Amino acid sequence: MTASAAGPPAVLFPGQGSQARGMGARLFERFPDLVALAGDVLGYDLPRLCLEDPDGRLDDTRYTQPALYVVNALAYRDSLERGAPEGAYLLGHSLGEYNALHAAGAFDFETGLKLVVKRGELMARAADGAMLAVVGPDVAEVRAFLAEEGLTRLDVANINTPIQTVLSGAREQIERAHERLDARGTRVARLKVSAAFHSRYMVAARDEFAAFLKGFRFAPLRATVIANLTARPYRDQDVAATLSEQICGSVRWLDSVRHLLAHTTADRSREVGGAGVLTRMMRQIEPTAVRRATEPQAPSTSQTQAQTHLPSPSPSRPRLFCVAYAGGDERAYAGLAEHCPDVDVVTLERPGRGRRAAEPLLRDPAAIVEDLLGQVRDRLDAPYALYGHSLGARLAYLLCHRLRAERLPAPVHLFVSGESGPVIPSRERHTWELPTDAFWDHLKQLGGIPAELWEHPELMAFYEPVLRADFAALGAYRHEAAPPLDVPVTAMAGEEEWFTADDLAAWQRESTRPLTTHRFPGDHFFIRAQWPELARIVAAGLAAP
């Protein structure tokens with residue numbers, strides 16, 4: 001598909017919640033004039049706030065919003081100077097909408113900053129509210145829950161994806177919603193905010209901001225900007241009214257992205273200034289946008305494949321089914337896929353994460369393997385291999401045995417990394433039992449957790465059950481003696497990992513074929529710096545007789 005056939009370029013701008021100490025590091029040096037202008041408007045040292053945050057103000061709405069606006073704007077300009085196309089479609093999440101309008105020419109950099117400063121001040125005045133992310137039910141189910149529980153002082157603030165909704169309102173009712181949803185087994189996470197953003201509790205801020213906007217004039221837009229409030233393109237004459245209403249209106253991100261995907265594709269969209277959160281949301285929304293576009297027709301083969309969360313591979317190409325490490329999802333091996341142009345790399349998504357976040361987490365290795373088997377059973381009509389890292393290595397090994405028990409075609413190769421032979425008990429088998437602080441300290445030592453996660457306790461609370469479930473699976477693993485597989489095995493590890501040569505050599509016990517081993521520079525997550533070499537090893541293994 002050509003770029004023109006794929007659709008016009010689109011740009012996404014993140015909003016509050018994406019801030020992290022260290023953001024804008026290389027951008028401030030590239031654009032000193034804009035940074036100086038921002039300092040004049042703000043009256044404080046913005047680079048020091050973003051890079052050092054010595055006074056802990058980066059999470060204060062009054063400082064967060066201007067900082068994000070500036071970093072987003074610089075990141076977009078930087079991307080243009082490096083050759084990326086201007087966005088024909090622009091979409092920002094809440095605060096990010098100001099960057100979208102700036103990129104579309106509605107106002108200049110300085111004017112946008114002044115608007116954001118005022119917005120942050122007004123929103124910060126409305127204290128004593130709270131917000132709660134709800135994962136699993138769709139927005140209709142969430143609204144039904146609010147009615148059923150009599151939570152009349154809560155509003156739907158964000159409709160982010162088909163299975164992620166954010167509630168906003170009175171603190172005591174947020175606490176009650178948290179308790180009731182938790183009792184139902186629904187995944188929830190408190191957001192690190194001090195007020196009920198995008199709710200009725202922002203009406204006073206909206207009215208004062210509307211009066212403030214009367215002192216500004218906005219230029220005609222030179223690109224399509226999709227509004228959070230309406231999930232439809234801005235009209236030139238409605239910029240001021242839409243911006244003021246956005247403060248207390250719901251962020252209709254799900255519908256906004258669906259509207260965007262009706263005109264372009266996720267592959268033609270890029271996120272600037274953030275850590276990829278909006279891109280991940282788009283990937284969750286994309287299959288539902290496809291289904292909506294084809295309703296009410298019967299589902300086609302490609303739709304069925306999208307609903308089972310697997311890309312549609314070409315039958316003439318070999319496949320590599322990947323099993324993610326603890327906490328990993330279908331993006332875990334994206335770097336490997338980029339370096340395997342002749343292989344269909346398919347990462348199997350486990351329940352409770354990514355596009356399957358609404359499904360219950362699994363902690364039993366046998367149950368996980370049955371789920372993996374269900375994903376590949378009907379996809380074995382071409383030569384294929386299995387690859388798993390860390391926990392994924394043991395799961396991939398167990399999957400080989402289930403495939404053999406079912407008399408299904410065997411993989412031509414089993415690739416494993418970051419794990420000893422399965423006869424050796426995992427060093428991480430007790431990790432799931434650690435108390436929260438010790439648990440996270442241990443994960444920090446292991447590596448692999450994005451640095452920005454440590455800056456967001458609400459995200460840590462959100463991901464902890466997922467990680468614990470995976471480590472519980474390691475704790476529940478019991479090796480059972482079985483005839484060795486008639487499958488070649490390649491075992492890999494980082495030179496800084498704890499594995500000995502004997503630990504890797506233990507994989508030989510599981511195969512009748514000669515074992516191949518490799519050591520790479522790096523720690524437990526050496527794979528992220530070695531994708532090109534791993535791709536070469538995979539290609540060679542798939543090509544071998």
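All figures in this text were calculated on a predicted structure; none of them were measured in a lab. Just the heavy atoms: all of them, side chains too, but no hydrogens, waters or symmetry mates, feed the values below.
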State, with a plain yes or no, whether a side-chain heavy atom of [X] is found less than 4.5 Å away from one of [Y].
X	Y	answer
Arg513	Pro484	no
Leu320	Phe415	yes
Phe471	Leu443	yes
Met492	Ile537	yes
His259	Leu91	no
Pro422	Trp507	yes

Practice task
Carefully, step by step, assess Phe499 and Arg519 under the rule side-chain contact (heavy atoms from CB on, under 4.5 Å).
Solution key: CA-CA 10 Å; Phe499 302 117; Arg519 284 277 193 175; 4.0 Å; yes
Quick check against the 3.5 Å criterion: does [X] have a side-chain atom that pairs as donor or acceptor with the backbone of [Y]?
X	Y	result
Glu497	Gly494	yes
Asp182	Val188	no
Arg379	Arg319	no
Glu271	Leu278	yes
Glu330	Glu349	no
Arg187	Gly352	yes
Thr347	Cys322	no
Thr517	Ala491	no
Thr265	Leu261	no
Thr64	Leu58	yes

Is [X] atom [atom1] crowded by more than 12 heavy atoms from other residues, nucleotides or ligands, each under 6.0 Å away?
X	atom1	result
Glu86	CD	no
Glu29	CD	no
Arg77	CZ	no
Arg509	CZ	no

Test: [X] and [Y] ion pair at under 4.0 Å:
X	Y	value
Arg427	Asp503	no
Glu81	Arg30	yes
Asp470	Arg353	yes
Arg21	Asp59	no
Arg26	Asp78	yes

Problem - Steps toward side chain to side chain donor-acceptor pair (under 3.5 Å) verdict (Thr490, His518) - result: CA-CA 8 Å; Thr490 295; His518 297 275; 5.4 Å; no
About how many Å separate [atom2] of [Y] and [atom1] of [X], when rounded to the nearest 0.5 Å?
X	Y	atom1	atom2	answer
Tyr76	Leu27	OH	CG	14.5 Å
Ile163	Thr186	CD1	OG1	11.5 Å
Phe321	Leu372	CZ	CG	11.0 Å
Arg528	Asp523	CZ	CG	9.5 Å
Glu510	Gln508	CD	CD	9.5 Å
His524	Glu419	NE2	CD	7.5 Å

Exercise for the section: Kindly determine whether Tyr387 and Ile527 satisfy side-chain contact (heavy atoms from CB on, under 4.5 Å), including the steps that lead there. Expected result: CA-CA 12 Å; Tyr387 174 42; Ile527 56 176; 3.5 Å; yes
Exercise for the section: Fit a plane to each ring of His401 and Tyr397, take the angle between them on a 0 to 90° scale, and name the class: parallel (under 30°), tilted (30 to 60°) or perpendicular (over 60°). Expected result: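 His401 vs Tyr397 ring planes: perpendicular.
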Practice task
Could you tell me whether the side chains of Trp440 and Glu464 share a donor-acceptor contact shorter than 3.5 Å?
Solution key: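 Distance-only check passes for Trp440 and Glu464.
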Exercise for the section: Would you kindly say whether Arg270 and Ser79 are connected by a side-chain donor-acceptor distance under 3.5 Å? Expected result: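 Looking only at side-chain atoms, Ser79 and Arg270 do form a donor-acceptor pair, the distance falling under 3.5 Å.
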Exercise for the section: Please lay out, stage by stage, how Cys400 and Leu386 fare under the test side-chain contact (heavy atoms from CB on, under 4.5 Å). Expected result: CA-CA 8 Å; Cys400 282; Leu386 297 177; 3.5 Å; yes
Handout entry: Derivation of the side-chain contact (heavy atoms from CB on, under 4.5 Å) call for Val416 and Val489
Key = CA-CA 8 Å; Val416 293; Val489 178; 4.2 Å; yes
Handout entry: Cation-pi, Phe439 ring and Arg468 (6.0 angstrom, 45 degrees)
Key =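 Here Arg468 passes the 6.0 Å and 45° test against Phe439.
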Handout entry: Validation row, ring centre Phe525 to ring centre His389 under 6.0 Å
Key =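 Yes, the ring of Phe525 comes within the 6.0 Å limit of the ring of His389, centre to centre.
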Of the non-hydrogen atoms in [X] and [Y], which two are nearest, and what is the gap between them?
X	Y	answer
Ile285	Asn160	CD1-O, 3.3 Å
Gly15	Leu95	CA-CB, 4.2 Å
Arg356	Gln375	NH1-NE2, 3.2 Å
Ile368	Arg350	CG2-CD, 3.5 Å
Pro465	Leu361	O-CD1, 3.5 Å
Ala396	Leu414	CB-CD1, 3.9 Å

Exercise for the section: With salt bridge (Lys or Arg N to Asp or Glu O under 4.0 Å) as the test, would you mind laying out the steps for Glu406 and Arg377 before giving the verdict? Expected result: CA-CA 10 Å; Glu406 292 285 321; Arg377 185 189 295 274; 3.4 Å; yes
List the atom pairs, with distances to 0.1 Å, where a side-chain N or O of residues 473-483 and a protein N or O form a donor-acceptor pair under 3.5 Å, not counting sequence neighbours.
residue : atom : partner : partner atom : Å
Tyr477  : OH   : His479  : ND1          : 3.1
Arg478  : NH1  : Gly475  : O            : 2.7

